[in-house]
Amino acid sequence: MQAILLFLLAGLFEIGGGYLVWLWLREGKPLYWGIFGGIVLALYGVVDTLQSFPSFGRVYAAYGGVFIVLSVLWGWVIDKKTPDLYDWIGAVICLFGAAIMLWGPRN
């Protein structure tokens, strides 16, 4: 459960920080939006290191599945772009892939 919560928190930091930088550079928001976005992105990197899994690559690969789902949700809630059936199918496939990478039996 802790791993899932850390992945969700990391995802919110990465997407939220990236969104703030996007708003600064693409939408003309003030510089402090970009600075705050950079700080939030740095916090994302810290949160991922709190995972108990020993492999950096495996953690980041599995996090990618969570990131995809959170990105679809972010687009739906924040950008008001309703995901279609294929967005949801792809997101579920990515979550299954992430679960297999993290919790699959290892020798």
Side-chain angles (χ1 to χ4, degrees):
M1 191 63 170
Q2 179 182 356
I4 293 168
L5 291 175
L6 286 172
F7 278 135
L8 292 174
L9 184 61
L12 291 176
F13 281 175
E14 183 180 14
I15 297 168
Y19 189 66
L20 290 171
V21 172
W22 174 280
L23 292 174
W24 165 53
L25 291 174
R26 301 281 302 260
E27 307 290 330
K29 297 294 183 187
L31 172 64
Y32 65 86
W33 285 52
I35 293 170
F36 186 63
I39 292 167
V40 173
L41 284 168
L43 289 173
Y44 145 72
V46 171
V47 169
D48 268 349
T49 67
L50 301 175
Q51 289 288 5
S52 61
F53 302 101
S55 169
F56 172 85
R58 189 171 289 144
V59 166
Y60 270 66
Y63 165 71
V66 175
F67 176 80
I68 289 168
V69 171
L70 290 175
S71 296
V72 169
L73 292 171
W74 185 279
W76 189 14
V77 173
I78 303 298
D79 288 333
K80 308 294 186 225
K81 304 293 183 198
T82 304
D84 64 18
L85 175 65
Y86 298 102
D87 293 324
W88 290 120
I89 291 171
V92 168
I93 289 170
C94 290
L95 274 183
F96 276 115
I100 290 167
M101 284 191 275
L102 286 177
W103 295 299
R106 300 277 193 283
N107 292 336

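Because the structure is a prediction, the values reported are computed rather than measured.
- With sequence neighbours excluded, the residues that form a ring-ring contact (aromatic ring centres under 6.0 Å, His included) with Tyr44 are Tyr63.
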For the pair Asp48 and Phe56, evaluate side chain to side chain contact (heavy atoms under 4.5 Å, CB included) and give the outcome as yes or no after the intermediate values. CA-CA 9 Å; Asp48 268 349; Phe56 172 85; over 6 Å; no
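- The CG atom of Leu43 sits 12.5 Å away from the CG atom of Leu12 when rounded to the nearest 0.5 Å.
- Annotation: the span from Leu41 atom CG to Ile15 atom CD1 amounts to 10.5 Å, rounded to 0.5 Å.
- For the atom pair CD1 (Ile78) and CG (Leu73), the distance works out to 10.5 Å, reported to the nearest 0.5 Å.
- Ile39 is connected to Trp24 through a chain of hydrophobic side-chain contacts under 4.5 Å among Ile, Leu, Val, Met, Phe, Trp and Tyr, so both are in one cluster.
- Leu25 is connected to Leu23 through a chain of hydrophobic side-chain contacts under 4.5 Å among Ile, Leu, Val, Met, Phe, Trp and Tyr, so both are in one cluster.
- Counting heavy-atom neighbours within 6.0 Å of Phe96 CZ, excluding the residue itself, gives a total of 12 or less.
- Residue Gly65 comes nearest to Ala98 through the heavy atom pair CA-CB, 4.3 Å, listed as atom of the first residue, atom of the second, then distance.
- Taking both residues in full, the closest heavy atoms of Met101 and Arg58 are given as O-CD, 3.1 Å, listed atom of the first, atom of the second, then distance.
- Using a 4.5 Å cut-off between side-chain heavy atoms of Ile, Leu, Val, Met, Phe, Trp and Tyr, with links allowed through other members, Val40 and Trp22 fall into the same hydrophobic cluster.
- Taking CG of Leu9 as the start and CD of Glu14 as the end, the distance is 12.0 Å to the nearest 0.5 Å.
- Atom CZ of Phe36 has 12 or fewer heavy atoms from other residues, nucleotides or ligands within 6.0 Å.
- Phe53 and Trp103 have perpendicular rings, their planes meeting at more than 60° on a 0 to 90° scale where under 30° would count as parallel.
- Under the 4.5 Å side-chain heavy-atom criterion for Ile, Leu, Val, Met, Phe, Trp and Tyr, Val66 and Val77 are members of the same hydrophobic cluster.
- When atom types are taken as modelled, the side chain of Asp87 and the backbone of Asp84 share a donor-acceptor pair closer than 3.5 angstrom.
- Residues in residues 76-95 take part in these ring pair (Phe, Tyr, Trp, His ring centres under 6.0 Å) pairs, two or more places apart or across chains: Trp76-Trp88.
- Taking 4.5 Å as the limit, some side-chain heavy atom of Phe7 sits within range of a side-chain heavy atom of Leu102.
- Connection of Val46 to Leu6 is not established within any shared hydrophobic cluster, with ILVMFWY side chains joined at heavy-atom distances below 4.5 Å, either directly or through further cluster members.
- Counting all heavy atoms, side chain and backbone alike, Asp79 lies closest to Tyr19 at OD1-OH, 3.5 Å.
- Put simply, CD1 on Ile93 and CD1 on Ile68 are 10.5 Å apart, with the number rounded to the nearest 0.5 Å.
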